[in-house]
4 protein chains.
Amino acid sequence: MTHAILRVRCADRTGIIAGLSDFVFRHGGNILDLDQHADADTGRFSMRLVWSLDRFTLDAESIRLALQVYARSFGLEWELDFSNRRDRVAVFCSKEPHCLYDLLLRQRLGELAGDIVLVVSNHADARPAADYFGLPFVVVPVAPGDKAAAEARQQALLEEYRIDLVVLARYMQILSPAFVGRWAGRVINIHHSFLPAFAGARPYHQARERGVKLIGATAHYATADLDEGPIIEQDVVRVSHRDTVPDLVRQGRDLERQVLARAVRLHLQRRVLIEGRRTVIFG
Amino acid sequence: MTHAILRVRCADRTGIIAGLSDFVFRHGGNILDLDQHADADTGRFSMRLVWSLDRFTLDAESIRLALQVYARSFGLEWELDFSNRRDRVAVFCSKEPHCLYDLLLRQRLGELAGDIVLVVSNHADARPAADYFGLPFVVVPVAPGDKAAAEARQQALLEEYRIDLVVLARYMQILSPAFVGRWAGRVINIHHSFLPAFAGARPYHQARERGVKLIGATAHYATADLDEGPIIEQDVVRVSHRDTVPDLVRQGRDLERQVLARAVRLHLQRRVLIEGRRTVIFG
Amino acid sequence: MTHAILRVRCADRTGIIAGLSDFVFRHGGNILDLDQHADADTGRFSMRLVWSLDRFTLDAESIRLALQVYARSFGLEWELDFSNRRDRVAVFCSKEPHCLYDLLLRQRLGELAGDIVLVVSNHADARPAADYFGLPFVVVPVAPGDKAAAEARQQALLEEYRIDLVVLARYMQILSPAFVGRWAGRVINIHHSFLPAFAGARPYHQARERGVKLIGATAHYATADLDEGPIIEQDVVRVSHRDTVPDLVRQGRDLERQVLARAVRLHLQRRVLIEGRRTVIFG
Amino acid sequence: MTHAILRVRCADRTGIIAGLSDFVFRHGGNILDLDQHADADTGRFSMRLVWSLDRFTLDAESIRLALQVYARSFGLEWELDFSNRRDRVAVFCSKEPHCLYDLLLRQRLGELAGDIVLVVSNHADARPAADYFGLPFVVVPVAPGDKAAAEARQQALLEEYRIDLVVLARYMQILSPAFVGRWAGRVINIHHSFLPAFAGARPYHQARERGVKLIGATAHYATADLDEGPIIEQDVVRVSHRDTVPDLVRQGRDLERQVLARAVRLHLQRRVLIEGRRTVIFG
């Protein structure tokens with residue numbers, strides 16, 4: 001059974017829910033899930049609407065045409081997806097393999113709502129893991145001072161594999177603003193701290209130094225402003241004065257992989273909407 | 001500004017959301033919040049719909065008439081509330097005052113969406129607290145073997161004070177099935193364990209005995225089956241072998257008051273719907 | 001039954017535990033609790049040792065003399081307390097009463113290991129609460145540009161009431177470095193964010209603006225560097241895009257009072273040791 | 001650098017800590033970690049003592065002899081381990097591979113304090129995972145009505161591989177009381193509920209049916225009483241009415257693997273002591 005998944009946003013006004021739910025009903029659709037949010041501070045409306053296409057009388061093209069009409073009348077921005085069209089995902093990693101492994105295992109367990117089809121790294125270390133899970137693995141070295149060449153190669157790979165989403169699974173290179181801009185809203189990064197605390201390098205060292213009682217991890221969309229992109233998911237774990245930096249690293253690994261996996265899953269299920277510096281997460 | 005808050009439930013079928021959101025729109029209402037749930041297992045549909053009455057063209061009586069029509073066509077069960085009509089709440093307590101205090105403090109801080117107007121206890125201990133917060137306090141002793149007399153007195157008080165909701169804030173008497181039945185869905189109890197674990201008496205002793213690493217608290221609607229009513233909210237806290245029963249009691253007190261307060265707040269905001277043995281919580 | 005509670009710290013070396021536990025044993029003491037920490041990074045040793053004085057053959061003065069000998073031989077710094085000597089606590093608050101109420105309630109429930117004996121505020125709002133709990137309440141207004149006069153009055157009060165610990169329970173005035181320095185390690189503040197994130201003013205507004213998925217609270221010792229003092233306790237709660245600033249404030253209040261209460265309790269039980277910018281918490 | 005790790009337990013009495021710490025000191029050892037617990041309810045004392053053997057003047061045999069003396073004088077039961085002697089671990093699994101994968105990944109990341117050297121299953125499904133991580137994989141089918149033959153084969157394997165610890169990583173067969181008795185305190189099981197809630201089969205179905213707001217996982221030592229063994233570690237995750245049984249299963253998988261991994265790590269670090277139906281966990 002195929003579903004249509006519609007995400008919309010606009011300035012809040014009356015009649016949007018009635019109009020769109022009526023549209024679905026009149027054409028034979030059954031609403032499976034509707035989640036909306038009217039932000040009292042910003043006056044913005046956002047909604048995610050999922051309906052069954054089992055007996056729906058319009059095809060994809062007709063839905064799109066109809067949405068263009070609503071877009072004009074309501075000032076809607078919209079994104080339409082179908083549940084039988086799964087995102088193609090590339091994972092970028094460096095030497096630390098725990099987030100990569102975790103994503104590959106979840107793919108095998110059927111937990112993701114998309115398909116990892118490519119692994120890219122600036123090192124060869126993760127090749128056996130990609131091999132084991134039967135995925136192409138491409139090393140794209142990043143020479144000091146020549147990030148542009150590496151990013152051109154990466155861009156070519158993403159096009160070749162028709163990638164929809166890039167997941168930075170502890171990828172230790174900073175992507176250029178140009179690259180990030182081209183992939184806006186389609187690159188998810190995991191930062192190993194509870195942002196905005198301990199942005200920048202070596203957050204576990206910073207955490208140990210400051211003597212915090214909790215450490216965290218943050219999954220966010222990559223933007224040109226490092227560690228400043230819209231946050232998708234965060235979590236923390238309790239630590240103590242007994243924990244050395246390696247202890248924090250070990251405990252942080254568990255957090256990082258879970259937080260990243262949850263964020264990737266939310267994105268692939270079309271449950272995330274970016275609104276300025278923030279995200280709306282449809283539950 | 002007044003809102004209408006509508007909760008509905010029925011067998012799932014197409015057109016309910018469209019029908020009700022169109023109804024709101026046609027009469028000048030602006031939907032502020034819509035949360036729905038179609039349960040794939042049970043085939044049941046439930047929804048909470050909040051709209052502004054600022055420019056709404058129908059009065060309460062007309063809304064009720066219209067809902068009766070929808071009820072017939074969709075097989076809807078419905079409850080309609082208005083945000084300017086706040087529930088009147090009675091708190092029942094015994095000797096332990098922490099949950100009572102907590103609720104009274106939250107009332108003063110404006111955190112509840114209803115009004116505590118009466119405190120009932122089988123002991124006089126909590127009178128100073130009720131006095132301090134300016135609330136009537138009535139002692140209704142429960143003589144062994146004569147619960148009926150006590151419950152008759154309690155029932156009379158609830159009627160006299162036009163009570164909508166009874167909160168059992170560590171009230172250590174078991175209410176009769178008759179009483180609970182008369183107040184079905186309108187009595188919230190706090191149990192000091194993570195139900196269904198450690199149902200019955202002395203749960204902290206049981207928890208210590210069993211050596212669990214977390215203790216919990218559960219807020220639920222009271223039913224004739226003790227500790228079996230629909231769960232509204234639960235939470236846990238980490239404990240260790242070092243914690244004696246008094247330590248568990250102390251840590252549990254923090255949990256109990258928070259879990260109970262959250263459940264009461266959810267109920268008063270009309271965010272809870274009972275479906276059989278379970279609840280649907282509209283977020 | 002009275003216990004002795006000894007906290008020590010020094011450069012790590014062999015024989016400290018053996019020496020001190022032998023000292024307790026030889027004089028008839030029974031060790032009730034021993035918790036130690038040797039920090040591999042800093043080479044510092046710290047320990048908390050609790051023993052029963054039931055059959056102990058030395059009096060307080062003799063223990064202190066003996067500790068002076070150990071201090072010389074091991075380079076120990078030490079603090080000795082007795083369980084029958086409870087700290088006298090002053091709570092400073094402003095207009096928001098939730099942390100004050102919470103501490104007073106816990107005092108009544110017997111949860112604290114010290115005694116709140118004084119409430120000081122720059123506003124009169126909290127007087128009824130202090131009255132209800134039978135505590136002296138003193139308004140010390142802080143005139144713009146004349147903090148010195150206010151602090152002189154506060155200092156006089158703290159001396160008059162022989163205060164051991166000052167708890168800033170949402171006290172909205174910044175204490176001068178001189179005052180904080182005089183009370184180093186004896187002033188606990190609650191900050192309404194997960195420090196070091198959102199230091200400074202209006203942290204809930206900052207959190208909302210940044211779109212974080214968790215908000216936090218931090219209890220720390222006050223130092224001359226605002227929001228930089230050694231952290232005693234922290235915790236977080238999950239929030240979402242739906243939460244407005246007032247929602248965050250309400251949820252934060254629960255966190256603040258719990259985190260502050262836990263920190264105060266740890267301090268009063270002599271379970272905290274300050275080591276530079278950090279704390280060691282003896283569990 | 002090698003450490004000695006001593007765990008002791010006995011009826012509480014004075015002089016044990018002094019005696020043992022003095023023993024370590026006199027023979028040139030440096031105490032790295034000492035954690036003790038005197039249980040006020042049971043009158044039992046337990047302690048974990050770790051010291052460096054760098055300059056220790058006694059060999060293992062001499063330490064054992066000395067401990068026998070202390071055992072007589074104090075009624076001590078003791079276990080002595082050395083940090084360079086790592087436990088050999090066998091993992092038992094069935095068809096669900098997530099806990100197995102997780103343990104193997106942690107082994108590769110160096111997170112465990114022991115070595116998985118064997119994987120046993122009643123199905124062939126997990127062979128590729130074992131192969132990938134370079135571990136022997138043995139299928140031991142369990143024929144209905146002939147568990148004895150399977151357990152004889154398992155016992156032989158455990159002896160052949162000189163196994164110290166068996167981890168039941170979602171192994172769906174019930175081990176006989178005889179087998180469990182032979183391996184008392186050396187078999188760790190993961191149960192997919194917050195025990196004692198939802199003991200027995202299909203706990204996620206039970207949880208969904210009961211409408212709980214949190215689901216949990218419990219790692220415990222296997223005993224002849226199913227789901228009743230001493231609990232090592234537990235944790236929970238928040239769920240809602242929206243979560244179907246497959247959703248609970250997916251979220252539970254994350255919990256199960258973390259809770260099991262933490263329990264295994266604690267055991268391998270010699271941080272667990274069984275006291276009757278409960279465990280003491282040395283932090």
Side-chain angles (χ1 to χ4, degrees), chain B residues 32-35 48 50 95-113 125-135 170 233 235 237-244 246-262 265-266 269 271 282-283, chain C residues 32-35 48 50 95-113 125-134 170 233 235 237-244 246-262 265-266 269 271 281-283:
Chain B
L32 300 170
D33 202 3
L34 185 161
D35 193 0
R48 179 178 182 267
V50 182
K95 291 190 170 180
E96 289 192 74
H98 56 285
C99 286
L100 171 66
Y101 263 104
D102 189 74
L103 289 168
L104 296 178
L105 175 55
R106 287 177 196 276
Q107 165 138 304
R108 178 159 294 182
L109 294 171
E111 291 188 3
L112 303 179
D125 306 58
R127 184 183 300 280
D131 287 352
Y132 174 64
F133 286 96
L135 289 177
R170 301 302 310 275
E233 172 65 353
D235 214 339
V237 68
R238 190 161 284 271
V239 297
S240 86
H241 62 272
R242 294 183 187 276
D243 291 301
T244 60
D247 290 330
L248 300 183
V249 168
R250 180 179 48 76
Q251 291 172 83
R253 274 202 292 251
D254 274 11
L255 262 189
E256 291 160 26
R257 58 201 228 187
Q258 281 190 83
V259 167
L260 180 58
R262 281 187 230 145
R265 186 175 153 87
L266 288 168
Q269 292 182 319
R271 292 185 182 276
F282 297 112
Chain C
L32 301 170
D33 201 3
L34 185 161
D35 192 1
R48 178 176 182 269
V50 182
K95 290 190 170 180
E96 290 191 74
H98 57 284
C99 286
L100 171 65
Y101 263 104
D102 189 74
L103 289 168
L104 296 178
L105 175 55
R106 288 177 197 275
Q107 166 137 305
R108 180 159 293 182
L109 294 171
E111 291 188 2
L112 303 179
D125 306 58
R127 184 183 302 278
D131 286 352
Y132 173 65
F133 286 95
R170 299 304 308 277
E233 172 65 351
D235 214 337
V237 68
R238 188 160 286 269
V239 296
S240 86
H241 62 272
R242 293 183 188 276
D243 291 303
T244 61
D247 290 329
L248 301 183
V249 167
R250 179 180 48 77
Q251 291 172 82
R253 274 201 292 251
D254 274 12
L255 262 189
E256 291 159 26
R257 60 200 227 187
Q258 281 190 83
V259 168
L260 180 58
R262 280 187 232 144
R265 186 174 153 87
L266 288 168
Q269 292 182 319
R271 292 187 182 274
I281 307 290
F282 297 112

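Below, chains carry the letters A, B, ... as their sequence lines are ordered, and counting in each starts from 1.
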Trainee: Chain B: which of C:Arg265, C:Arg108, C:His98 shares the most heavy-atom pairs with it under 4.5 Å?
Mentor: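 Ranked by heavy-atom pairs under 4.5 Å with chain B, first place is C:Arg265.
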Trainee: Can you tell me which portion of B:Leu105 sits under 4.5 Å from chain C's heavy atoms? Options are side chain, backbone, both or neither.
Mentor: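 The answer is the side chain of B:Leu105.
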Trainee: Would you please name every residue forming a side chain to side chain donor-acceptor pair (under 3.5 Å) with B:Arg170, sequence neighbours left out?
Mentor: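 Partners of B:Arg170 under the side chain to side chain donor-acceptor pair (under 3.5 Å) test: B:Glu96, B:His192, B:Glu256.
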Trainee: Do the rings of B:Tyr101 and C:Tyr132 sit parallel, tilted or perpendicular, given the 30° and 60° boundaries?
Mentor: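 The rings of B:Tyr101 and C:Tyr132 sit tilted, inter-plane angle from 30° to 60°.
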Trainee: Please flag which part of B:Ala261 lies under 4.5 Å from any non-hydrogen atom of chain C: side chain, backbone, both or neither.
Mentor: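 Interface part for B:Ala261: neither.
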Trainee: Salt-bridged, C:Arg106 to B:Asp254, with N to O below 4.0 Å?
Mentor: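 Counted as a salt bridge, because a side-chain N and a carboxylate O are separated by less than 4.0 Å.
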Trainee: Chain C heavy atoms under 4.5 Å from B:Pro97: which part of the residue, side chain, backbone, both or neither?
Mentor: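 For B:Pro97, side-chain heavy atoms alone lie under 4.5 Å from chain C.
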Trainee: Report the residues that fulfil side-chain contact (heavy atoms from CB on, under 4.5 Å) with C:Arg242, sequence neighbours left out, ordered by chain and then residue number.
Mentor: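 For C:Arg242 the side-chain contact (heavy atoms from CB on, under 4.5 Å) partners, ignoring immediate neighbours, are A:Asp35, A:His37, B:Asp33, C:Ser240.
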Trainee: Under 4.5 Å heavy-atom distance to chain C, tell me which part of B:Arg262 shows up: side chain, backbone, both or neither.
Mentor: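 Neither; nothing under 4.5 Å.
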